[in-house]
Amino acid sequence: MAEYSNDEIRTELGVILKEIADVNPDEVADEKSFTDDLGVDSLSMMEVVMAAQEKFSVEIPDSDVEQLKTVGDAVAYIEKRL
Amino acid sequence: MNQQVVVTGIGVTTPLGGDVLSTWRALLAGESGVRALTQEWAAELPVRIAGSLAVDPSEVLEPVKARRMDRCAQVAVVAAREAWRDAGRPELEPERLAVAVGTGIGGALTLLGQNDVRREKGSRRVSPLTIPMLMPNSPAANVGLELGARGGVHTTVSACSSGAEAIALALDLLRAGRVDVVVAGGAEACIHPLPLAGFGQMRALSTRNDEPELASRPFDKARDGFVLSEGSGVMVLERAEFAAARGARVYATLAGAGVTSDGFDMVQPHPEGLGAARSISIALASAGLSPKDISHVNAHATSTPVGDVAEAAAIRSALGSHPVVTAPKASLGHLLGAAGAVEAIATVLAIHHSVVPPTRNVDNADDGVELDIATAPREMTINAAVNDSFGFGGHNVSLVFTKEN
């Protein structure tokens, strides 16, 4: 029951990143690294994960967060678990 | 005279105004920043008045920055930005810049708010920013980050003298030559049912709920407690030599400070104000002045029955009854850990503009007061002034400011 398409997940992620870390939505592309390209520090990343869990109603265990290095990683991860 | 310390920048956000100009104007006009609390949670409280900020910090700060700070850090950053700008943004090595910002309570809104989140939604929903937001050094640390200070970031915690103690600490740091500039002050923001209930249960707060603007009445016979307020005051202090070398505008000299403790009771002041009198005398000695030199006192006077007369006794015994006294909490309410800093700035402005701001609501001065209280603005040359701050725990801090020559 995927309520969100691949594009919609990326867009919603952009909204979250804007609110939490002031990331320009135009910058939110699959190849972008959260830390290196978008300037999301570790505490902000924890907040992004929390917001994403709530938004998409998915569980993202801490052990998986480390794999989510790029926007594309996160979009694919969430899409798979919707 | 290379140990002189001068005030070169000031910034505040208070219930009277979002900056120095608006706050000072309202103070001079004898206005009140105390209002009825209209929030739903206030309805069941015995005390339903407070001095909330005139300008919400979220209107001033960048949203992403603001959401990473407790309100008490937000107000500190707002005041520090104004002070830094006002000082002309001194250029110096970051290692020669320190910060000292005190708070009485710290990030109480975050602590209480996140505990609500934990109870209602579970611990996995608690914000990862909780600790950096609630820790009491957060206002100082945020100011330090804002300015890139690397010469030390300090937090004084001595209840309602925290802000003044930060300024006293800054004086020590500068006199010792440890740094060239210290950004010093205090911050508080805890208007929330729990602190209101706690202070209320101590019977420390005024319950004049129907007349908020008349509730804070230091030295007046009909006073019945203080009014909880929020805000921040921050000043830029420099070694006089450093300030002169960069051609900085100087408001006043921070000539001395005295810090003592009562060793008497947790919350009651010594009835004769012995610890307070001693802090005034030590501050005078530190400034190399004698009682007759002091023409103005900016009093701590919170509007509690016991505290105000004890302070009056301390002022009379340490200085005499000649200084013209003002009690700005009549207008501001009590900013707790920010009070000393905001009132130190009012003292500096009184010297700078040669006018003592009035104390509103003194209809009948209490018998035990016997001081010359300015109930209207008093224009006068002020060569030297004392600013008092005291706190639960028996803390006493007195600062001496002098006119810059």
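Throughout, protein chains are lettered first and strands after them, A, B, ... in sequence-line order, and every chain is numbered starting at 1.
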Between chain A and chain B, going by a 3.5 Å limit, which atoms form donor-acceptor pairs, if any?
| unit_1 | atom_1 | unit_2 | atom_2 | d |
| --- | --- | --- | --- | --- |
| A:Asp41 | OD2 | B:Arg68 | NH1 | 3.4 |
| A:Asp41 | OD2 | B:Arg68 | NH2 | 3.2 |
| A:Ser44 | OG | B:Arg68 | NH1 | 2.5 |
| A:Glu47 | OE1 | B:Arg67 | NH1 | 3.1 |
| A:Glu47 | OE2 | B:Arg67 | NH1 | 3.4 |
| A:Glu47 | OE2 | B:Arg67 | NH2 | 3.0 |
| A:Glu54 | OE1 | B:Arg125 | NH1 | 3.3 |

Taking every heavy atom of B:Pro132 against every heavy atom of A:Leu43, the minimum-distance pair comes out as CG-CD1, 4.0 Å
The interface call for A:Met46 against chain B, heavy-atom contacts under 4.5 Å, is both
Applying salt bridge (Lys or Arg N to Asp or Glu O under 4.0 Å) to A:Asp7 and not counting sequence neighbours gives A:Arg10
